[in-house]
Amino acid sequence: NRSSDLKVDLSRTTISFCKVAHSFVRDVLRLYIPELYGVFIESTSGLFQEQIIIIQDAMGEDQYLQEHPFILKNATFLLETMLPIVEETVQNAFGRASPELHDLHAELEYLMESGGDGAGGAGGGGGGMDDDSDIALGAASDSQTDSDGEVV
């Protein structure tokens, strides 16, 4: 199985976020009615924005200075893998792209380009950013999939 050979070393925080974001999107789409589109997009964007804040806080903490490459690898995974999956899911479900979700790319790209300089601050901490875990692209290593191949 080719996908089981592809592994990316990510933090527990990133893995947990991906699981929560995936479950949230999947569950909301099951209950979706057109009147909830704005709330759904706002909530999904909010999830990613909060994760960006966690990453920025970790980048600003002196105790995580040596972990910056690892933290940036996690940010790259969110930008280049998780966010596009969510965007594609939304586009397939609603028949249109979400400008709000697309705009999150700029926030994550800025974080990566700046290396998080000056973005940190008190509170937040790293949320376990120094914990190493493996994740197969598309599914966390300790998750299970249903008959459709979706993470459960």
Side-chain angles (χ1 to χ4, degrees), residues 3 6-62 64-65 67-131 133-140 143 145 148-152:
S3 65
L6 299 174
K7 300 266 184 198
V8 177
D9 190 28
L10 297 173
S11 71
R12 291 178 192 259
T13 301
T14 298
I15 291 170
S16 294
F17 171 78
C18 291
K19 288 179 179 182
V20 167
H22 180 267
S23 293
F24 174 78
V25 169
R26 186 183 64 202
D27 291 346
V28 169
L29 289 176
R30 286 182 183 154
L31 303 171
Y32 176 74
I33 57 174
E35 294 81 12
L36 293 178
Y37 178 81
V39 173
F40 169 69
I41 295 299
E42 182 179 320
S43 299
T44 304
S45 294
L47 283 174
F48 276 90
Q49 289 166 337
E50 289 301 317
Q51 190 65 16
I52 291 167
I53 290 169
I54 290 170
I55 292 169
Q56 288 173 329
D57 286 348
M59 292 294 290
E61 294 286 331
D62 289 340
Y64 297 115
L65 194 58
E67 298 292 328
H68 281 192
F70 180 66
I71 295 167
L72 289 174
K73 182 170 35 170
N74 283 266
T76 299
F77 182 83
L78 292 175
L79 172 65
E80 295 178 0
T81 303
M82 188 63 190
L83 185 54
I85 289 170
V86 170
E87 286 180 293
E88 183 178 347
T89 301
V90 168
Q91 186 165 355
N92 290 340
F94 303 128
R96 62 181 171 169
S98 167
E100 297 87 353
L101 292 178
H102 183 72
D103 290 347
L104 290 173
H105 284 280
E107 288 185 50
L108 283 166
E109 286 171 1
Y110 173 76
L111 171 67
M112 304 239 335
E113 290 171 3
S114 69
D117 293 340
M129 283 292 184
D130 56 350
D131 294 331
S133 298
D134 287 333
I135 185 168
L137 293 179
S143 66
T145 56
D148 295 329
E150 292 192 34
V151 177
V152 292

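Counting heavy atoms from C-beta on, the side chains of Ile15 and Lys19 come closer than 4.5 Å. Residues Cys18 and Phe77 have side chains in contact (heavy-atom distance under 4.5 Å, counting atoms from C-beta outward). In this structure, Val86 and Leu47 have side chains that are not in contact, with every pair of non-hydrogen atoms separated by 4.5 Å or more.
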Candidate pair Thr44 and Val90, rule side chain to side chain contact (heavy atoms under 4.5 Å, CB included), full reasoning: CA-CA 10 Å; Thr44 304; Val90 168; 5.6 Å; no
Test log, rule side chain to side chain contact (heavy atoms under 4.5 Å, CB included), inputs Met59 and His68: CA-CA 6 Å; Met59 292 294 290; His68 281 192; 3.6 Å; yes
Candidate pair Ile33 and Leu36, rule side chain to side chain contact (heavy atoms under 4.5 Å, CB included), full reasoning: CA-CA 6 Å; Ile33 57 174; Leu36 293 178; 3.7 Å; yes
CA sep, side-chain torsions, deciding dist, call: Leu78, Leu83, side chain to side chain contact (heavy atoms under 4.5 Å, CB included): CA-CA 6 Å; Leu78 292 175; Leu83 185 54; 6.0 Å; no
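Distance check, rounded to the nearest 0.5 Å: CZ of Phe40 to CG of Leu31 gives 11.0 Å. For the atom pair CE (Met82) and CD (Glu87), the distance works out to 11.5 Å, reported to the nearest 0.5 Å. Atom CD of Gln49 sits about 12.5 Å away from atom CD1 of Ile54, to the nearest 0.5 Å. Expressed to the nearest 0.5 Å, how far CD of Glu88 lies from CG of Leu101 amounts to 13.0 Å. The CZ atom of Phe70 sits 5.0 Å away from the CG atom of Asp9 when rounded to the nearest 0.5 Å. For the atom pair CG of Asn74 and CD of Gln51, the computed distance is 8.5 Å after rounding to the nearest 0.5 Å.
Glu100 approaches Ser45 most closely through the heavy-atom pair CB-OG, 3.8 Å. Summarising the geometry of Ser98 relative to Tyr37, their closest heavy-atom pair is CB-OH, 3.9 Å, with the distance given to 0.1 Å. Across Ala58 and Tyr64, no two heavy atoms sit closer than the pair O-CB, 3.4 Å. Summarising the geometry of Leu29 relative to Ala93, their closest heavy-atom pair is CD2-CB, 3.8 Å, with the distance given to 0.1 Å. The two residues Pro99 and Ala97 make their nearest non-hydrogen contact at CD-O, 3.5 Å.
Defined by atom type and a distance below 3.5 Å, a donor-acceptor pair is present between the side-chain atoms of Thr14 and Ser11.
Residue Asp62 qualifies as open at atom CG: its count of foreign heavy atoms under 6.0 Å is 12 or below.
Ring pair Phe17/Phe48 is perpendicular by interplanar angle, where above 60° counts as perpendicular and below 30° as parallel.
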